[in-house]
Structures are given as structure tokens and as C-alpha cells.
Amino acid sequence: MHIALRRSGGLAGVSLSASLDTEHLPADEATRLDDALGRVDLGRLAADGSPAPGGADRFRYDLTFEQGGQRHQVSLADTAVPAELRPVVDTLMARATLDGPDDDA
């Protein structure tokens, strides 16, 4: 599975992004992420619509999941990230690089 993340918002308005393909991870890490993703209904999460309202100091996560010709895009406020999805977000954030100031900040 290919996973991409963009985190925006926060006080400084700095965006970070990261992506990975679980095929290219060590087996234990890929299994951990696959297990976490297996506990999340990506279709339902994507269909739930826009992220919960946030404040000026809140982060927003835009995630894209692609596998087997299916693509799910999810936008979540930091406080709306399901516990099951948190290991995925944390793994991507550990790999994130600076994008620059948000255009809408």
C-alpha cells in the first residue's frame, strides 16, 4: 500500500509531508502498519466528509491510501484521528519533511 500524508496548520502554519510504500519497509514495520490499517474502515472514514472544525493552533492531516487500484483520501483534524490510525500517522510524521508555510494560513 502506498500512503501519503500532509500535515498543515498549527501556530506556525508550516506544512510537513511524507509518503511511503509498505512493500519497501522492513517486514515487522510493514506488518504493524498493515495491521493498523486493517482495523480502520478507510472507505467509511473517507466518506465521513470534511474534518472536524479546528482552531488556529490545530493540525489537519490529509492522508491518501492507494492499493490494488483503490484510492481513499481522508482529511482529519488532529483530534479526530482514530486510535487505530495513529500508528500510521506517527510513522509518516517520523519521515516528514518541511513543505513551507500554508497557503491559507
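Residues take their numbers from the sequence shown, with the count starting at 1.
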Query raised in the report: For H24, does its backbone N or O pair with a side-chain atom of D21 as donor and acceptor, under 3.5 Å?
Result: no
**Report entry** Exam field: side chain T22 to backbone M1, donor-acceptor pair closer than 3.5 Å
**Finding:** yes
What's the spacing between [X] [atom1] and [Y] [atom2] if we round to 0.5 Å?
X: F59; Y: R7; atom1: CZ; atom2: CZ; answer: 3.5 Å
X: L42; Y: R71; atom1: CG; atom2: CZ; answer: 13.0 Å
X: H72; Y: Q67; atom1: NE2; atom2: CD; answer: 9.0 Å

Report task. Taking all heavy atoms of S75 and all of R60, pick out the closest pair and write down the distance. Result -> OG-NH2, 4.0 Å
Query raised in the report: Any idea which heavy atoms bring L33 and V88 closest together, and the distance?
Result: CD2-CA, 3.8 Å
Query raised in the report: Are E84 and R32 close enough, and set up right, to give a salt bridge (Lys or Arg N to Asp or Glu O under 4.0 Å), and what steps lead you there?
Result: CA-CA 11 Å; E84 299 84 4; R32 185 175 59 84; over 6 Å; no
Any side-chain heavy-atom pair of [X] and [Y] under 4.5 Å:
X: L92; Y: L20; value: yes
X: T64; Y: I3; value: no
X: S19; Y: L5; value: no

**Report entry** Carboxylate-amine/guanidinium contact R86 D78, below 4.0 Å
**Finding:** yes
Query - Test item: side-chain donor near acceptor, S15 and R6, under 3.5 Å - result: yes
